[in-house]
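Working notes, beginning with the structure itself.
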Number of protein chains: 2
Amino acid sequence: MNFDDKVPIYYQIKNYLYHKIITGTLAPGAKLPSVRQLAIDVTANVNTVQRALAEMITEKIIISQRGKGNFVTEDIDSIKHLKKALVTKQLSLSYKQLHALNLTDDEILAELKDYMKNRSGEHE
Amino acid sequence: MNFDDKVPIYYQIKNYLYHKIITGTLAPGAKLPSVRQLAIDVTANVNTVQRALAEMITEKIIISQRGKGNFVTEDIDSIKHLKKALVTKQLSLSYKQLHALNLTDDEILAELKDYMKNRSGEHE
DNA sequence: TATAGTGTACTAATGAACTATAACAATAGA
DNA sequence: TCTATTGTTATAGTTCATTAGTACACTATA
């Protein structure tokens with residue numbers, strides 16, 4: 001996995017799993033790969049994976065069953081809330097950054113549209 | 001200074017100074033506070049500040065003169081480029097994140113407008 | 001010339017994240 | 001019951017960011 005060396009790996013693994021859950025790649029109630037397999041998948045250590053999972057278990061996004069495996073919560077509401085929280089957090093972060101660079105709301109919107117436009121040619 | 005404990009302090013100091021330079025709070029050619037004063041300002045160690053500055057000196061955004069002080073470059077073009085780079089990087093980052101959460105371009109724009117609208121009531 | 005203020009460099013110590021490795025606990029199935 | 005698979009926990013060692021403290025190099029000025 002491609003890690004940003006400015007952010008803790010366990011934190012990036014958490015986000016990686018968040019995205020899988022929110023997009024439905026990991027459906028509600030679905031079983032996650034074993035911690036050992038996950039460690040291989042993301043090229044990290046079991047302990048590091050476990051640290052990410054531990055936090056998600058505390059948040060009740062993941063339910064852990066010793067001997068069986070880790071499972072995505074079946075509480076669809078909490079997944080929806082998670083998505084909303086992530087979206088808002090991201091928007092807030094970008095907005096603050098761009099605003100701090102002296103861009104007005106309109107300029108931010110214009111820049112974003114421009115970015116999307118230029119990007120539409122280069123779908124990978 | 002309010003640091004995000006998920007990102008190295010020296011990196012956040014760099015961004016802090018980038019913003020001052022781009023918004024003109026630190027004008028082209030202006031003298032920066034001394035490293036010791038900066039350390040006090042941002043509540044960090046001199047070495048940490050120096051590490052941030054060292055990178056900016058390498059990038060030629062800051063010109064260092066031993067015994068005199070550190071100065072913002074007078075090359076306005078490179079400041080403009082810096083701003084453009086920061087804006088694009090931020091947009092790219094958010095876009096990828098939100099896109100990965102399965103939001104379409106239109107939804108991203110809608111969410112952003114919504115965010116700005118809700119925010120316009122609570123100017124701090 | 002002496003002194004204060006500037007950037008720069010170095011050492012040593014601390015703490016956090018990460019890794020390799022191993023062991024333990026619970027479950028499922030042959 | 002034995003074995004494989006799962007989650008969980010622990011130890012020890014490495015690397016890196018950060019800090020405190022000290023010292024050195026250069027500049028301006030009284």
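Lettering follows sequence order; numbering is per chain, from 1.
- With contacts defined as side-chain heavy-atom distances shorter than 4.5 Å, the pair B/Ile13/B/Glu55 does not qualify.
- At a non-hydrogen distance threshold of 4.0 Å, B/Ala44, B/Asn45, B/Asn47, B/Thr48, B/Arg51 from residues 37-57 of chain B come into contact with DNA chain D.
- Within residues 61-74 of chain A, the residues approaching DNA chain D are A/Ser64, A/Gln65, A/Arg66, A/Gly67, A/Lys68, A/Gly69, A/Asn70, by heavy-atom distance under 4.0 Å.
- Nucleotide C/dC18 holds its C1' atom 16 Å from the NZ atom of B/Lys6, rounded to whole Å.
- Here the closest heavy-atom approach between residue B/Thr73 and residue B/Ile63 is recorded as CA-CG1, 4.2 Å.
- Note: CZ (A/Phe3) to C1' (C/dT19) measures 13 Å, nearest angstrom.
- When all heavy atoms of B/Tyr18 and B/Leu86 are compared, the pair lying nearest together is CB-CD1, 4.0 Å.
- When side chains are defined from C-beta on, A/Pro28 counts as touching A/Ile79, because their heavy atoms get closer than 4.5 Å.
- Judged by atom type and distance alone, B/Arg36 reaches the base of C/dG7 through a side-chain donor-acceptor pair under 3.5 Å.
- A straight line from CD1 of B/Ile9 to P of C/dA17 spans 13 Å, rounded to a whole angstrom.
- Remark: the A/Tyr95 side chain and the A/Asp105 side chain contain an N/O donor-acceptor pair separated by less than 3.5 Å.
- A/Leu93 and B/Met1 fall into different hydrophobic clusters, defined by Ile, Leu, Val, Met, Phe, Trp and Tyr side-chain heavy atoms under 4.5 Å apart, directly or through other members.
- A 6.0 Å sphere centred on NZ of B/Lys6 holds more than 12 heavy atoms belonging to other residues, nucleotides or ligands.
- Under the 4.5 Å side-chain criterion, counting only non-hydrogen atoms from C-beta, B/Lys14 is not in contact with B/Arg51.
- Rounded to whole Å, the distance from CG on B/Leu32 to P on C/dG5 is 19 Å.
- Taking for each of A/Pro33 and A/Asp5 the nucleotide of DNA chain D with the nearest heavy atom, the 5'-most of the two is the partner of A/Pro33.
- Remark: C1' of C/dT19 and OH of A/Tyr10 are 16 Å apart, rounded to the nearest angstrom.
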